[in-house]
Amino acid sequence: MREATPKTVYLKDYTPPEYLIDEIELTFELDAERTLVRSHLSLRRNPQCHSECVTLELQGEELELLSVAVNGEKLADTDFVITPEAMIIRRVPQDKAFVVSIENRINPAANTALEGLYLSSSMLCTQCEAQGFRKITWFLDRPDVMTRFKTTLIADKNRYPVLLSNGNRTGQGDLADGRHWVGWQDPFAKPCYLFALVAGQLECVADEFITMSGRRIELEIFVEQHNVDKCAHAMQSLKNAMRWDEETYGLEYDLDLYMIVAVDHFNMGAMENKGLNIFNTKFVLARPDTATDSDYEHIEGVIGHEYFHNWSGNRVTCRDWFQLSLKEGFTVFRDQQFSGDRTSPAVKRIEDVNALRTRQFAEDAGPLAHPVRPEAYIEINNFYTLTVYEKGAEVVRMLHTLLGSEGFRKGCDLYFKRHDGQAVTCEDFIKALEDANGVEFGQFRRWYAQAGTPLLTVTQHYAADAKQLHLTIQQSCPPTPNQPVKQALHIPVKLGLLNQDGSTATVRMRDNSATEVTLNLTETEQTFVFEDLPTQPVVSLLRGFSAPVNLNMERSLEELAFLLRHDSDTFNRWEAGQQLACQIIFGLMTDLQNGRALQLDEVMIDAYRSVLSGSFDDLSYQALLLALPEESYLAGQMAVIDVDAIHQAREFVKTTLATRLRTEFQALYAQHHRDESGCFDAGAVGRRRMKNTCLSYLSKLEIEDSYRLATQQFQTARNMTDQMAALAAIVNSYHPNKADSLESFYRQWEQEALVIDKWFALQASSSLPNTFATVQALMRHPAFDMKTPNRVRALIGAFSQANPVHFHAKNGEGYQFLADQVLVLNELNPQIASRMVTGLAQWRRYDPERQALMKQQLQRIVASEHLSKDVYEIASKSLA
Ligand code: TRP
Ligand code: ZN
């Protein structure tokens, strides 16, 4: 918990470590309440560091010291100092290597922050990224200190039969008094944030993988007994990821063993500890009847993500935490490519952009905006953000676009070869891409340093006599905290042209001609000229969302409908539909605000009718074309967010489409509905997605027919996708069987924590009346638990982040509720508490009354006692 004023760490203050730790020998005598840690650190001065200082400062927090020795000689109390954050040894040998030996005690059962060594259900596990190792023992807890780990785990054999750590098993044996030991050794030097151990009663699901060079790798997934039947998909995903990284990046796995452990209590999605990934159960466990198609997709994505970190993160790691996007942005890019290749590149891209625009763009436009490579932090855990991850991935994607796949691959090859075994910077990554391709990305580097979402304003002029199209693009970027003035960025803008009949027009610029070009926008304003155009073409701009920017370009509804029919770029085709819907919804909001009766433009109905009657190989894509922009996306487009108007206007559009296109929705529902057990293949996934989209529209009609459809599907579903979609249709309408259905669902799935999370989240995100009372009642439900992050996210997270209408209730009850929970969580789990504060961070975007109410709660949080650094940083920066 926080000292008086938490201090800020700056990138500009980086200095190399004064000491290095070549090796650590760690012994744990594991016990839920009293774990003993013994460590021997082999230290030496860093030859690159010439400071005069003779002291050694090791980081350590919340540790009970038993003894400390240097080269075997126990230190006297006067030889060292212990502060809340460090151990400072006054004098250590300077001219030769030396060994520091420490014994300390920790209490995993008391660790509700889930950082360091903690108890999850009955197993012991660790989470060390970013700075959790210092809660296990004193160490140089920074990623540029890379150490070879030898670990011995000792524990009661009945309670902890399985004992795991990084690398290879080197030995094991029984001890007196019912205990046993297992030895582990990791041949690769690594930063301590990649250390892990697990102990518990775990079952192992095993398989193997033969690498491209013919090595046999053992694959092991460890879960609690009752989850053994939910590991098949994770295992298959792992094998897919291993093969994909070999084929796409030429990267092979390096140890003989790859282990994954699934735990119920986890602050994030998963962790790439060397050879021993630890996962939130949410991203491992799946069975057709318990997990939805989107769960299956997320599992494959996260399994891939952690696996890909073995190279982009572990073999080549970060010099300091400001470089976090070096591993995270790159690895997210890699997992996005992987998922796209595995499923549908078009659908995956749309989903990623949708998430980026609704969530990261909001972060980038608010008080917590920061560059992909931040310059300062109070608590690094607060910087595992959408900007570092998702915008970071977009920056890597732009580099990929600029170099082409082959050039990008050459660059990556050089990066991994040049920096294998090193802790490096974002600059090193770009440099490798440049050197391998003989290009320079001077201006492009600004993407790493400059926060905020650029805005492109586009105007066009068609000169009929010269048969030319002049396209002028201006770029600007709004100010962000500490960055009032912005510089022009290098923005790749992919473009295609369509003839009036919808066919592709050739893009001719001076001497090159193609069906598609990537324009290099580097100045504040630039005009591009396209030749040889006998008639005015329709411009398809920013294809594939080639840069993370906002686009301002005047378009008629007819032009958007035209692009929705004809654009050959799958992303832009979808985008045209989104912009069409946005324009219409905004028009309706104006009508609402002026008390005019609402009427839906026929253009919209025709456009949707043609999507419904179109023939699509990829039904998931067709379903996406029918999905209205989310309320949070619409909110992001407004100067002052009016949650009620957004909701009303959007609901009106959805209901009207359902009314007018009822026959089409019903027919497509019938066509694609199957009673299938839920195998996860593209065909079945697409059918379900399409069918459930129809169901969601039909449920807006509030008629007996739709109620019957939902009930039938709910009762007969043999897969969670269909069961959940039906329950959602029931819960989000005035369906007469709502209470019964929720009750029977609960009883059916009481034993499956991940399904019960869905049950909480669904109710918490309903926009129907009385939801706040439901949420309050659910807080008292016996299955609710503040110490389980998944449960907290399901209830408090869903209510504050996925229920704009009720969270932003005019009387402020939603805000007060959230602040109350943040203060409770602050004592238990600062990381989760601070994630929950983000619901209040966007307060400046609302009307004055709501602003005042939100601000009041933020002030109340900042003023409270025992505030963690995590919560303090987010709450105080939100107010600044
Ligand atoms: N490196 C993890 C990833 O793959 C992120 C992570 C897992 C994490 N657990 C964490 C970050 C706890 C901070 C704290 O993205
Ligand atoms: Zn990651």
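All values derive from a computational prediction rather than experimental measurement. Counting starts at 1 for both ligands and their atoms, in listed order.
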Quick one: which ligand 1 atoms are inside 4.0 Å of a heavy atom on Asn381?
13 (C), 14 (C)
Give me the one residue out of Thr137, Val37, Leu30 that meets side chain to side chain contact (heavy atoms under 4.5 Å, CB included) with Leu117.
Leu30
In terms of atom number and element, which parts of ligand 1 are under 4.0 angstrom from non-hydrogen atoms of Glu328?
1 (N), 2 (C), 3 (C), 15 (O)
Think Arg349 forms a cation-pi with Phe545, using NZ or CZ under 6.0 Å from the six-ring centre and within 45 degrees of its axis?
no
Test of understanding: with side-chain hydrogen bond (donor to acceptor under 3.5 Å, both in side chains), list the residues that count as partners of Tyr160, not counting sequence neighbours.
none
If only atom types and distance count, is the side chain of Trp184 paired as donor or acceptor with the main-chain N or O of Leu163 below 3.5 Å?
yes
Selected option - heavy-atom contact closest to atom 1 (N) of ligand 1, from Glu129, His305, Gln131:
Glu129
Under 3.5 Å, is there a donor-acceptor pair between the Thr331 and His305 side chains?
no
List every atom of ligand 1 that sits less than 4.0 Å from any heavy atom of Lys327, numbering the atoms from 1 in the order shown and giving each element.
1 (N)
Which atoms of ligand 1 are found less than 4.0 Å from any heavy atom of Met271?
1 (N), 2 (C), 7 (C)
Report yes if Gln127 has an N/O atom closer than 3.5 Å to an N/O atom of ligand 1; otherwise report no.
yes
Within a distance under 4.0 Å of any heavy atom of Gln831, pick out the atoms of ligand 1 and give their elements.
12 (C), 14 (C)
Only one of Asn267, Thr112, Thr788, Asn111 clears side-chain hydrogen bond (donor to acceptor under 3.5 Å, both in side chains) with Asn829; which?
Asn267
Ligand 1-proximal atoms of Met268, by part, heavy-atom distance under 4.0 Å
side chain
Just checking Tyr258 against Tyr307, ring centres under 6.0 Å apart?
yes
Are Phe416 and Trp311 an aromatic pair by the rule of ring centers under 6.0 Å?
yes
Measure Glu115 to ligand 1 on non-hydrogen atoms and call it side chain, backbone, both or neither using the 4.0 Å cut-off.
neither
Which is it for Asn166 and Asn273 under the side chain to side chain donor-acceptor pair (under 3.5 Å) test, yes or no, and what are the steps along the way?
CA-CA 7 Å; Asn166 317 86; Asn273 316 303; 5.6 Å; no
Looking only at protein heavy atoms, identify the closest one to atom 7 (C) of ligand 1 and say how far it is in Å.
Ala270 O, 3.0 Å
Show which atoms of ligand 1 fall inside a sub-4.0 Å distance from at least one heavy-atom site of Glu272.
1 (N), 2 (C), 3 (C), 4 (O)
Mark up the atoms of ligand 1 that fall under 4.0 Å of a heavy atom belonging to Tyr389, in ascending order.
2 (C), 3 (C), 5 (C), 15 (O)
Check whether any N, O or S atom of Glu328 sits under 2.8 Å from the Zn ion (ligand 2).
yes
Considering only heavy atoms of Glu306, which atoms of ligand 1 have at least one such atom less than 4.0 Å away?
3 (C), 4 (O)
